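Notes to accompany the following structure.
Computed from heavy atoms alone, side chains included, the values below leave out hydrogens, waters and symmetry copies. By convention here, the first residue in the shown sequence is residue 1. The structure displayed is predicted, hence computed values, not measured ones.
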Amino acid sequence: MKVLVTGATGRIGKSLLLQRPPDAEVEILLDPLDQSVPDFPWYRTDISDRKKCIMAVTCFNPDVVIHLAAATDVDACEMDPDTAFRINRDGAENIAEACVRCGAKTVYLSTDYVFDGVLGPYSEEDSTNPVNVYGRSKLGGEYAVSSIVDNYLIVRISVPFGVKREGVNHNFVSWLFDELAAEHTLEIVDDQFTTPTYIEELAEVLWTLIRNDVRGTVHYGTSDRLSRYDMAIDVCRAMDYSEKLVRAVKTEELGFAAKRPLESGFVTDKVHDLIGRPPILFQNALYRMIESF
């Protein structure tokens, strides 16, 4: 199985490469400014450049393209919608067109931000209604993939977390570990609810879904739904940090540029059935993180 991965230098991409199955011949599609990935052959291109993107993908002639590359800074997307749509929508469209030419499966990583966060948690059958530029641009990517490619898999996730890896920025939970260890007082929102994504399990789940040729749209997240404040308190309890370091605030107090979906998260029954077990509990994922420190 020949697999091409975009966004492989990110946290999810690195875990995906580490957990690749032995029968997967993996190559990397890098952004023009990214560093090369040791031990993997790579191509360098701008996914938003249709001609160059299609040329780079078809040169490898993959069986599967796992498209992780994206503009994910929610507030930056709100301030620069042209860039957000160029990368998240147009880039996905170019990848999808290249996949059609190769006869490749397209795996596209999306987000709970395609929903409005009014009546979550959401199943795969619920109607989308993004409330910010990031969500609209990612939904545009979903539309492109699903309308162009016959064999596609869209996996929606929320708040990916795991141990920080070298060369990659903190995720929300790894940032919590560092800040609380330094005894910094934190203001954390208690009105944004979601089902966060444990990256190590996500990588395993993605390879399982690909190996089983699962098609359509799947929601993945922990088997419990909680607020970011709840996550911070769980970190305090797991590491015996003082809960007094965490102060609950409302989202509107923080003055974000982009509106956030509040009552979000996923119903994960479908992925449960597909992988034969429920996704991991958030607290159990924390313990796995701690064991890997």
Side-chain angles (χ1 to χ4, degrees), residues 1-34 36-37 39-72 85-111 114 137-157 160 199 202-218 220 274:
M1 177 174 59
K2 297 175 68 176
V3 182
L4 187 66
V5 181
T6 76
T9 57
R11 181 62 180 80
I12 294 172
K14 289 190 173 185
S15 289
L16 197 71
L17 297 184
L18 286 171
Q19 296 192 41
R20 69 192 183 281
D23 65 336
E25 178 188 348
V26 177
E27 297 200 6
I28 309 301
L29 194 63
L30 292 171
D31 181 271
L33 300 179
D34 273 342
S36 62
V37 179
D39 303 322
F40 288 92
W42 49 269
Y43 301 87
R44 197 179 293 281
T45 195
D46 179 355
I47 61 169
S48 67
D49 185 314
R50 181 178 179 276
K51 184 177 179 180
K52 291 180 179 178
C53 178
I54 291 174
M55 183 181 300
V57 173
T58 54
C59 276
F60 180 54
N61 194 32
D63 300 306
V64 179
V65 176
I66 305 175
H67 183 39
L68 307 178
T72 58
F85 279 96
R86 178 175 59 80
I87 296 172
N88 293 342
R89 180 193 61 197
D90 301 345
E93 181 175 335
N94 295 336
I95 291 291
E97 289 189 12
C99 286
V100 169
R101 298 194 186 198
C102 300
K105 181 187 189 73
T106 307
V107 179
Y108 178 66
L109 209 64
S110 192
T111 172
V114 299
S137 67
K138 290 296 290 182
L139 185 59
E142 288 192 17
Y143 285 156
V145 168
S146 61
S147 62
I148 293 172
V149 186
D150 290 330
N151 186 355
Y152 71 87
L153 172 64
I154 294 169
V155 180
R156 293 178 179 145
I157 66 170
I199 293 171
L202 171 65
E204 174 193 337
V205 168
L206 284 174
W207 284 120
T208 299
L209 297 176
I210 291 167
R211 187 166 54 248
N212 294 337
D213 195 27
V214 173
R215 305 183 182 197
T217 300
V218 171
Y220 167 78
L274 287 167

Result block: side-chain N/O donor-acceptor pairs under 3.5 angstrom for residues 52-63, not counting sequence neighbours:
unit_1, atom_1, unit_2, atom_2, d
Thr58, OG1, Ile54, O, 2.7
Thr58, OG1, Met55, O, 3.2
Asp63, OD2, Lys2, N, 2.7

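- Cation-pi contact between Arg211 and Trp207: absent, since separation from the ring centre below 6.0 Å together with deviation from the ring axis within 45° is not met.
- Residues Asp31 and Arg44 form no side-chain contact, since every pair of their non-hydrogen atoms from C-beta on lies 4.5 Å or further apart.
- When side chains are defined from C-beta on, Val65 does not count as touching Val107, because their heavy atoms never get closer than 4.5 Å.
- The side-chain hydrogen bond (donor to acceptor under 3.5 Å, both in side chains) check on Ser48 picks up Asp46, Arg86, with sequence neighbours excluded.
- Under the 4.5 Å side-chain criterion, counting only non-hydrogen atoms from C-beta, Ser15 is in contact with Arg11.
- Residues satisfying the side-chain hydrogen bond (donor to acceptor under 3.5 Å, both in side chains) criterion with Thr111, sequence neighbours excluded, are absent altogether.
- Arg156 places none of its side-chain heavy atoms less than 4.5 Å from the side chain of Tyr108.
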Got a list of side-chain donor-acceptor pairs under 3.5 Å for residues 17-29, not counting sequence neighbours?
unit_1, atom_1, unit_2, atom_2, d
Gln19, NE2, Glu200, O, 2.9
Arg20, NH1, Leu17, O, 2.8
Glu27, OE1, Tyr43, OH, 3.4

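- Inter-residue side-chain proximity for Ile66 and Leu16 is flagged as met; some heavy-atom pair is nearer than 4.5 Å.
- Residues passing the side-chain hydrogen bond (donor to acceptor under 3.5 Å, both in side chains) test with Tyr152: none are found, sequence neighbours excluded.
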Please step through side chain to side chain contact (heavy atoms under 4.5 Å, CB included) for the pair Leu274 and Asn212, ending with a clear verdict. CA-CA 9 Å; Leu274 287 167; Asn212 294 337; over 6 Å; no
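- Counting only heavy atoms from C-beta outward, the side chains of Glu97 and Val149 never approach each other to under 4.5 Å.
- In this structure the side chain of Leu109 never reaches within 4.5 angstrom of the side chain of Ile154, judged on heavy atoms.
- Checked against side-chain hydrogen bond (donor to acceptor under 3.5 Å, both in side chains), Asp213 has the following partners two or more places apart in sequence or in another chain: Lys105, Asn151, Arg215.
- The distance from atom NZ of Lys138 to atom OG of Ser110, rounded to the nearest 0.5 Å, is 5.0 Å.
- In this structure, the separation between CD1 on Ile148 and CD1 on Ile95 is 11.0 Å, given to the nearest 0.5 Å.
- Side-chain contact between Val37 and Trp42: absent, with no pair of heavy atoms (C-beta onward) separated by less than 4.5 Å.
- Between the side chain of Asn88 and the main chain of Ala70, no donor-acceptor pair closer than 3.5 Å is present.
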